[in-house]
Amino acid sequence: MLIPPKIAPIPIDEDGALIDIRAIAQQTVLDVADSTNATGYRALKQTTHARLGLGRVGTRYTTRSVLRLRADHAAAKDAVWSDVAPAFIDKMGFISIQSTCQTETEYLKRPDHGRAITAPMLDKVRHAYPKPPRVLIAVGDGLSSAAIEANVRETIPVIKRELAHHHIKVGPIPFIRYARVATEDYLGEALRADVVCLLIGERPGLVTAKSMSAYMAYRPTVGMPESRRTVISNIHPDGIPATKAGTAIAAVIVQMLTEKTSGLELGSRQLKLNTLA
């Protein structure tokens, strides 16, 4: 006789109020009461962030499943519409600037405005650099403020440490509000940096609202093709951990400085070297 798996109750506190349902890893919850192979089902759930084993009540999802979906959706929207806390920016010692966008609505409706930085804003950063930097690290909120606050505190120190091994010093770090990826082109061109690395919040989804990417380019210029960028994405607790990402980012930056290129050209050179090896 098959014994159905025990379904964990919806977490509530002593007053009957819901506890943060997003704090429970979905991979640990199986709501299919009549599963013929609960052990195999749980093992399958560990391999993916897809919403498996939600269970049903008649023709509908369980209450837990609906609440979790709405909670994850709300977290994604909050990541887009919330700003990185000013206190966090000050604590990190960032130089605070802004793209040509003035509001979140403009940022979402006019991506082109989010790609540009005005001359006065660029001057604010330029004053912190008396000579062109070999490497400029920048941070942009992008589409997820939560991703920035969750990752850069650990990622940046690792990048600095790894680059220091190659006698590369990282200077003051600008933070761009309402940033799109191409803001790094304006910074690179204005400061004549050899390499620019922009850490930016990714578009949030229902799996996580804390995913960050690192977009890197060798001597970027305004209007350059996207093929000149190299990216490391999915930096978040359930993806590439922040510290591991920092090591990988620094390694790519060193490659760019050595090869004096980035993007597809850098990738093709590395592929050629690997083939010859």
Side-chain angles (χ1 to χ4, degrees), residues 84 89 92-100 112-142 148 151-152 155-201 212-233 235 245-267 269-270:
V84 175
I89 297 171
M92 293 296 295
F94 294 152
I95 303 172
S96 184
I97 61 174
Q98 187 169 314
S99 72
T100 58
D112 53 326
H113 291 183
R115 299 185 186 109
I117 303 176
T118 63
M121 288 291 177
L122 291 172
D123 286 340
K124 188 176 180 181
V125 182
R126 192 185 287 111
H127 290 159
Y129 284 87
K131 61 180 182 180
R134 292 187 70 192
V135 176
L136 174 67
I137 306 294
V139 176
D141 50 8
I148 299 306
N151 295 289
V152 298
T155 305
I156 290 175
V158 175
I159 297 174
K160 289 182 175 181
R161 182 194 69 202
E162 295 299 312
L163 290 179
H165 294 326
H166 298 272
H167 309 289
I168 301 169
K169 184 179 180 181
V170 175
I173 297 174
F175 170 82
I176 310 107
R177 189 183 186 194
Y178 304 139
R180 299 279 179 176
V181 173
T183 52
E184 72 175 358
D185 304 345
Y186 282 80
L187 289 168
E189 189 173 283
L191 275 70
R192 293 181 293 151
D194 285 335
V195 171
V196 179
C197 171
L198 176 65
L199 304 174
I200 190 168
M212 182 178 77
S213 288
Y215 285 86
M216 295 162 277
Y218 182 77
R219 295 186 179 177
T221 55
V222 175
M224 73 177 195
E226 294 300 307
S227 60
R228 286 181 56 192
R229 302 189 205 282
T230 300
V231 61
I232 295 176
S233 61
I235 303 169
T247 301
I249 291 166
V252 171
I253 290 173
V254 171
Q255 289 177 357
M256 289 181 176
L257 291 170
T258 301
E259 298 292 334
K260 295 181 171 31
T261 189
S262 57
L264 290 180
E265 178 64 24
L266 179 66
R269 290 188 188 182
Q270 293 300 316

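These values consider heavy atoms only, across backbone and side chains, with no hydrogens, waters or symmetry-generated copies.
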Test side-chain contact (heavy atoms from CB on, under 4.5 Å) on V139 and I156; report intermediate values, then the result. CA-CA 10 Å; V139 176; I156 290 175; 4.0 Å; yes
Stepwise, does the side-chain contact (heavy atoms from CB on, under 4.5 Å) test hold for L266 with T230? CA-CA 8 Å; L266 179 66; T230 300; 4.2 Å; yes
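In plain terms, the two heavy atoms of A214 and I235 that are nearest each other are N-CD1, 4.2 Å. Contact record, L191 with L136: CD2-CD2, 4.2 Å, taken as the closest heavy-atom pair. I95 and A128 make their closest contact through CD1-CB, 3.7 Å (heavy atoms, listed as atom of the first residue, atom of the second, distance). Across all non-hydrogen atoms, the minimal contact from V196 to G188 is CG2-CA, 3.6 Å. The shortest heavy-atom contact between Y218 and V195 is CD1-CG2, 3.9 Å.
With rounding to the nearest 0.5 Å, the separation of CE in M212 from CG in D141 is 13.0 Å. In this structure, the separation between CD1 on I253 and CD on Q255 is 10.5 Å, given to the nearest 0.5 Å. Between the CZ atom of R126 and the CZ atom of R192 there is a distance of 9.0 Å, given to the nearest 0.5 Å. Taken to the nearest 0.5 Å, the CD1 atom of I148 stands 8.0 Å off from the CZ atom of F94. One distance of note links CD1 of I137 with SG of C197; it measures 4.5 Å at 0.5 Å rounding. Rounded to the nearest 0.5 angstrom, R228 CZ and M256 CE are separated by 10.5 Å.
At least one side-chain heavy atom of I97 sits under 4.5 Å from a side-chain heavy atom of L187. Between L257 and V135, some side-chain heavy-atom pair lies under the 4.5 Å cut-off.
Residues forming a side-chain hydrogen bond (donor to acceptor under 3.5 Å, both in side chains) with R219 (at least two apart in sequence, or on another chain): D194.
A donor-acceptor pair is defined here as one N or O able to donate and one able to accept, closer than 3.5 Å; such a pair exists between the side chain of T100 and the backbone of H113.
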Side chains of residues 157-182: which donor-acceptor partners sit under 3.5 Å, not counting sequence neighbours?
from: R177; atom 1: NH2; to: D83; atom 2: OD2; distance (Å): 2.6
from: R180; atom 1: NH2; to: Y107; atom 2: O; distance (Å): 2.8

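For the side-chain hydrogen bond (donor to acceptor under 3.5 Å, both in side chains) condition, the pairs that include at least one residue of residues 181-191, sequence neighbours left out, are E184-R229, D185-R229.
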